J.: 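So that we are looking at the same thing, I have put the structure below in structure tokens.
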Amino acid sequence: MDIARRIPVTPWSSTGTRWRTGPLSFTVLLLGLFGFGIGESAVIAARLGNSPWTVLAEGLSRHTPLSIGGSTLLISVTILLLWIPLHERPGLGTLANAVVIAVSIDLGLRFLPSPTAVPWQVGQVVAGTVLVALSGALYLTANLGPGPRDGLMTGLHLRFGWPVAPVRLVLEVGALTAGFLLGGKVGVGTVVFAVGVGPVLAWWLARLPVRQVDPALPLETDSR
């Protein structure tokens, strides 16, 4: 599924430059990124397995003084360095993505419950996945630049001509494998997140309000 082709133009979508925007677009961007991190932390706190990149972050945190959020930030910065030879262009949303999600993951882990009953654990994973999808839809439609991981994906696609879907799969599986080897949690929650987040994201995108835009105005449609 090519999410980038399905991103609607909403009342809060920024047009033109990735570095200058209005208060509405910026507010929606921050809300989306904050909700994304809280959703991720809900999945982590359920202790049934994490999303692939969070498996890597948790595994890294087990071998360093960094928290899971701190590890997430370190991974994002490292990936951004890989953008340089690919000539990818960051935006305000790119930098905010790296920082806000990392901070909100650690914040969420401070107050979210860690249930022990399996039904509650599964419910929290599902709720976290739905929140990540909704928040991702808000972040994407703010249209202020791709997140570090998606920028790497699209950069490899444009630089080498590799299809997007296999590139994304290799990156996700690579992060998951490395994180598992480092001690990150993999389980049924990982499967629920991996299988569910894409379709739920598409569902949310199809239900956001749409506005008409002047076709002369450029609109970026990179995904996270």
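This one's a predicted model, so the numbers in the text were calculated from it and none came from an experiment.
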J.: If you define the side chain from C-beta out and look only at heavy atoms, does anything of P148 sit under 4.5 Å from N97?
T.: yes

J.: Supply the atom-to-atom distance T72 OG1 to D106 CG, rounded to the nearest 0.5 angstrom.
T.: 7.5 Å

J.: Please name the pair of heavy atoms, one in V132 and one in E40, separated by the smallest distance, quoted to 0.1 Å.
T.: CG2-N, 3.6 Å

J.: Any side-chain heavy atom of H157 within less than 4.5 Å of one from P163?
T.: no

J.: My understanding is that only one of L80, V167, L82 makes a side-chain contact (heavy atoms from CB on, under 4.5 Å) with L152; could you say which?
T.: L82

J.: For L158 and L86, run side chain to side chain contact (heavy atoms under 4.5 Å, CB included): C-alpha distance rounded to whole Å, both residues' side-chain angles, the deciding distance at 0.1 Å, then the answer.
T.: CA-CA 8 Å; L158 294 172; L86 297 174; over 6 Å; no

J.: What I'd like to find out is whether the side chain of T141 reaches to under 4.5 Å of the side chain of L205, using heavy atoms alone.
T.: yes

J.: What about I79 and W162, same hydrophobic cluster or not, with Ile/Leu/Val/Met/Phe/Trp/Tyr joined at side-chain heavy-atom distances under 4.5 Å?
T.: yes

J.: Taking all non-hydrogen atoms of both residues into account, name the closest pair between P11 and P209 and its distance.
T.: CD-O, 3.5 Å

J.: Taking the side chain as every heavy atom from C-beta outward, state whether S135 and F34 have any atom pair closer than 4.5 Å.
T.: no

J.: I need the S61 OG to L74 CG distance, nearest 0.5 Å.
T.: 11.5 Å

J.: For P146 and R18, which heavy atoms make the closest approach, and how far apart are they?
T.: CD-NH1, 3.5 Å

J.: Let me check something: do F111 and I68 share a hydrophobic cluster, defined by ILVMFWY side-chain heavy atoms less than 4.5 Å apart, either directly or through other members?
T.: yes

J.: Which Ile, Leu, Val, Met, Phe, Trp or Tyr residues join V173 in one cluster when any pair of side-chain heavy atoms under 4.5 Å counts as a link?
T.: L169

J.: Say whether, by atom type as modelled, one donor and one acceptor occur between the side chain of T54 and the main chain of N50 under 3.5 angstrom.
T.: no

J.: Hydrophobic clusters here meaning ILVMFWY residues chained together by side-chain heavy-atom distances under 4.5 Å, can you tell me if V55 and I44 are in one?
T.: no

J.: Is S104 reaching over with its side chain to a backbone N or O of I101, donor-acceptor style, under 3.5 angstrom?
T.: yes

J.: Under the side chain to side chain contact (heavy atoms under 4.5 Å, CB included) rule, what do F26 and L92 come out as? Steps first, then yes or no, please.
T.: CA-CA 9 Å; F26 188 65; L92 182 62; 3.7 Å; yes

J.: Stepwise, does the side chain to side chain contact (heavy atoms under 4.5 Å, CB included) test hold for T94 with W83?
T.: CA-CA 11 Å; T94 307; W83 282 30; 3.6 Å; yes

J.: Any heavy-atom pair between the side chains of R62 and L182 that's under 4.5 Å?
T.: no

J.: Taking all heavy atoms of L112 and all of I38, pick out the closest pair and write down the distance.
T.: CD1-O, 3.8 Å

J.: Hey, is the main chain of L48 close enough, under 3.5 Å, to the side chain of Q121 for a donor-acceptor pair?
T.: no

J.: Are L109 and V103 linked, directly or through other ILVMFWY residues, by side chains that come within less than 4.5 angstrom of each other?
T.: no

J.: Nearest 0.5 Å, what's the CG-CZ distance between L156 and R168?
T.: 12.5 Å

J.: To the nearest 0.5 Å, how far apart are CG in L24 and CH2 in W12?
T.: 8.0 Å

J.: Go through the steps to decide whether W19 and L95 satisfy the test side chain to side chain contact (heavy atoms under 4.5 Å, CB included), and finish with yes or no.
T.: CA-CA 10 Å; W19 291 101; L95 301 185; 3.6 Å; yes

J.: Using distance alone, with no hydrogens and no angle criterion, decide if S76 and R149 have a side-chain donor and acceptor under 3.5 Å apart.
T.: yes

J.: At what distance, to the nearest 0.5 angstrom, does CG of L176 lie from OG1 of T190?
T.: 6.5 Å

J.: Check W204 against V130 and note the closest heavy-atom contact, atom names and distance.
T.: NE1-O, 3.6 Å

J.: Ignoring hydrogens and angles, tell me if any N or O in the side chain of Y139 forms a donor-acceptor pair with the backbone of L31 under 3.5 Å.
T.: no

J.: Atom NE2 of H63 and atom OG of S71: how far apart are they, to the nearest 0.5 Å?
T.: 10.5 Å

J.: Can you tell me if CZ on R207 sees more than 12 non-hydrogen neighbours from other groups inside 6.0 Å?
T.: yes

J.: So which atom in A142 and which in S25 form the shortest heavy-atom distance, rounded to 0.1 Å?
T.: CB-O, 3.8 Å

J.: Verify the distance criterion only: is there a donor paired with an acceptor across the side chains of E172 and W53 at less than 3.5 Å?
T.: yes

J.: Do E88 and T154 have side-chain heavy atoms sitting under 4.5 Å apart?
T.: yes

J.: Are L73 and I75 connected, step by step, through hydrophobic side chains (Ile, Leu, Val, Met, Phe, Trp, Tyr) whose heavy atoms are closer than 4.5 Å?
T.: no

